[in-house]
Amino acid sequence: MSELPLPPATRRLGASDIEVSPIAWGMWRLTENGRTAAEAARLVHAALDAGITFLDTADIYGFDGAGGFGDAEALLGEVLAAEPGLRDKMVLATKGGIMPPLPYDQSPDYLRKAIDASLARLKVDHVDLWQIHRPDILAHPQEVARALDDAVASGKVRTLGVSNFTQSQIAALQHFLGQKLVSTQPEISPLRIDCFENGELDQAMMLGLTPLAWSPLGGGRLAAPETPRDKAVAAALDAVAEAQGVSRTVAAYSWLMAHPAGIIPIIGSQNAARIAEGAQALKVRWTRQDWYAVLVAARGVPLP
Ligand code: NAP
């Protein structure tokens with residue numbers, strides 16, 4: 001049975017010269033449970049020590065519906081300020097463009113201020129990747145592109161990406177940008193397989209975008225599956241996990257990483273041991289049969 005290639009030790013972020021780990025760590029949940037800067041620092045170290053050097057945050061992380069906007073960035077900023085050497089050990093990604101209580105704002109003025117505010121909270125002079133978090137339907141892509149090109153020209157942002165964009169929205173923004181987008185960040189997991197068949201990953205390969213998978217465990221559902229479908233997907237992952245001596249979680253990450261688009265799963269755990277465990281995903285081997293067995297379980301119907 002032929003095996004799919006293992007992921008490389010590092011990947012290029014889009015067409016840029018930035019090398020990233022093939023698995024990332026996300027800080028959506030960083031401010032949960034009143035986490036202190038010392039506790040947050042331990043998680044950052046857990047990721048870096050495991051070779052997970054690509055870190056993803058967003059200005060809205062920490063927002064609880066009423067307040068907390070910017071808190072996850074600010075907490076990471078405290079960690080970086082206390083240990084300045086850490087900054088150069090990571091590829092730092094953040095996002096903006098969701099402005100509570102309004103849904104989305106990508107007017108040039110808002111974008112400029114949002115990027116400056118993120119840098120101030122993070123206490124850094126630039127981020128390596130800045131992503132539009134969700135598309136603002138009321139913003140003309142030409143104006144968005146101009147503001148983003150300016151951010152790169154100013155040195156505040158090294159590369160640009162998008163999240164939750166449709167293929168047409170990506171194409172429209174790319175049309176007006178003076179540089180190539182490097183990444184797209186949709187929800188992808190063994191429980192969320194739309195991307196595999198709706199053209200999003202094909203477009204990513206065509207445009208050279210690195211796909212970053214958010215909620216790679218379905219927001220944790222894969223760890224405790226409840227529905228018959230979720231249980232069937234978990235069982236298909238378990239077959240490979242047990243054979244190779246890894247957890248289901250690790251098998252799930254590696255299943256995404258086996259796709260030819262070079263998907264980078266963003267680990268969502270805020271538990272040091274679970275973050276470190278994620279690095280085992282680089283060693284899991286998939287055959288076509290096993291890979292498609294997970295897909296078929298997720299589809300719920302056989303392949304045509
Ligand atoms: P996820 O990996 O699907 O879910 C993580 C959750 O699963 C955590 O609450 C974790 O709890 C729990 N979990 C339970 N058992 C686990 C196990 N064995 N191993 C690992 N986790 C386990 O990811 P996510 O947190 O929903 O999202 C990941 C990242 O994607 C975010 O941090 C963020 O960077 C990004 N994201 C982006 C968007 C977007 O719109 N662009 C949206 C959502 C998320 P513990 O912490 O206790 O381990």
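Read the numbers this way: they start at 1 and go in the same order the structure lists the ligands and their atoms.
- Every atom of ligand 1 with a heavy atom of Ser215 under 4.0 Å away is listed here by number and element: 1 (P), 3 (O), 23 (O), 24 (P), 26 (O), 27 (O), 28 (C), 30 (O).
- Those atoms of ligand 1 with a heavy atom of Met27 less than 4.0 angstrom away are 32 (O), 34 (O).
- The shortest N/O to N/O separation between Ser163 and ligand 1 falls below 3.5 Å.
- The shortest N or O to N or O distance between Leu217 and ligand 1 is under 3.5 Å.
- Note that CG of Asp71 is 10.5 Å distant from OG1 of Thr57, once rounded to the nearest 0.5 Å.
- Near Lys95, meaning under 4.0 Å from any of its heavy atoms, are these atoms of ligand 1: 41 (N).
- Ring geometry for Phe63 against Phe69 counts as perpendicular: the plane angle is over 60°, on a 0 to 90° scale with 30° as the lower cut.
- Inspection of the Glu83 and His45 side chains reveals an N or O donor paired with an N or O acceptor under 3.5 Å.
- Using a 4.0 Å heavy-atom cutoff, Arg248 is absent from the residues neighbouring ligand 1.
- Closest to atom 30 (O) of ligand 1, if we only count protein heavy atoms, is Trp214 CB, 3.4 Å.
- The protein non-hydrogen atom at the shortest distance from atom 28 (C) of ligand 1 is Ile266 O, 3.3 Å.
- Residue Ala223 approaches ligand 1 through these ligand atoms, each under 4.0 Å from one of its heavy atoms: 14 (C), 15 (N), 16 (C).
- Residues Lys113 and Asp109 are paired through a salt bridge, judged by an N-O separation under 4.0 Å between the basic side chain and the carboxylate.
- By the 4.0 Å N-to-carboxylate-O rule, Arg12 lies close enough to Glu19 to be salt-bridged with it.
- Less than 4.0 angstrom separates some heavy atom of His133 from each of these atoms of ligand 1: 39 (C), 40 (O), 41 (N).
- Of the candidates Thr184, Asp56, Asn164, Asp56 is the only one forming a side chain to side chain donor-acceptor pair (under 3.5 Å) with Gln131.
- Residue, atom and distance of the protein heavy atom nearest to atom 25 (O) of ligand 1 are Arg29 NE, 2.7 Å.
- Under a 4.0 Å criterion applied to the non-hydrogen atoms of Gln185, ligand 1 contributes the atoms 35 (C), 36 (N), 37 (C), 38 (C), 39 (C), 41 (N).
- Of the possible polar contacts, none joining the Glu73 side chain to the Thr94 backbone as a donor-acceptor pair under 3.5 Å is found.
- Ligand 1 has a nitrogen or oxygen under 3.5 angstrom from a nitrogen or oxygen of Gly219.
- The atoms of ligand 1 that sit less than 4.0 Å from any heavy atom of Thr249 are 17 (C), 18 (N), 19 (N), 20 (C).
- The single protein non-hydrogen atom nearest to atom 44 (C) of ligand 1 is Trp28 CE3, 3.6 Å, given as residue, atom name and distance.
- The residues Arg87 and Asp128 are annotated as salt-bridged, a charged nitrogen and a carboxylate oxygen being separated by less than 4.0 angstrom.
- Lys231 has no carboxylate O lying under 4.0 Å from a charged side-chain N of Glu226, or vice versa, which leaves the two without a salt bridge.
- Within the listing of ligand 1, atoms 3 (O) sit less than 4.0 angstrom from a heavy atom of Gly218.
- For ligand 1, one of its N or O atoms has an N or O atom of Gly220 under 3.5 Å away.
- Screening Tyr104, Trp28, Tyr61 for a ring pair (Phe, Tyr, Trp, His ring centres under 6.0 Å) with His133, the sole residue that qualifies is Tyr61.
- Taking atom 10 (C) of ligand 1 as the reference point, the nearest protein heavy-atom neighbour is Ser269 CA, 4.1 Å.
- Nearest heavy atoms, Ala151 versus Ile115: CB-CD1, 3.7 Å.
- Distances from ligand 1 to the non-hydrogen atoms of Tyr61 include at least one value under 4.0 Å.
- In this structure, atom 34 (O) of ligand 1 lies nearest to the protein heavy atom Asp56 OD2, 2.7 Å.
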**Asked** After noting the C-alpha distance and the side-chain angles of Trp291 and Phe196, does the key distance pass the ring pair (Phe, Tyr, Trp, His ring centres under 6.0 Å) rule?
**Response** CA-CA 12 Å; Trp291 198 92; Phe196 293 112; 5.5 Å; yes
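- Using a 4.0 Å cut-off between heavy atoms, Leu222 makes no contact with ligand 1 at all.
- Ser118 pairs in a side chain to side chain contact (heavy atoms under 4.5 Å, CB included) with only one of the listed residues (Val157, Val124, Asp59), which is Asp59.
- In terms of protein heavy-atom proximity, atom 45 (P) of ligand 1 is nearest to Arg274 NH1, 3.4 Å.
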**Request:** For the pair Trp25 and Tyr253, evaluate ring pair (Phe, Tyr, Trp, His ring centres under 6.0 Å) and give the outcome as yes or no after the intermediate values.
**Result:** CA-CA 12 Å; Trp25 176 55; Tyr253 300 145; over 10 Å; no
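- When hydrogens are left out, the protein atom nearest atom 40 (O) of ligand 1 is Asn164 ND2, 2.9 Å; that is the closest non-hydrogen contact.
- When heavy-atom distances to ligand 1 are checked against a 4.0 Å cut-off, Pro216 comes that close through both its backbone and its side chain.
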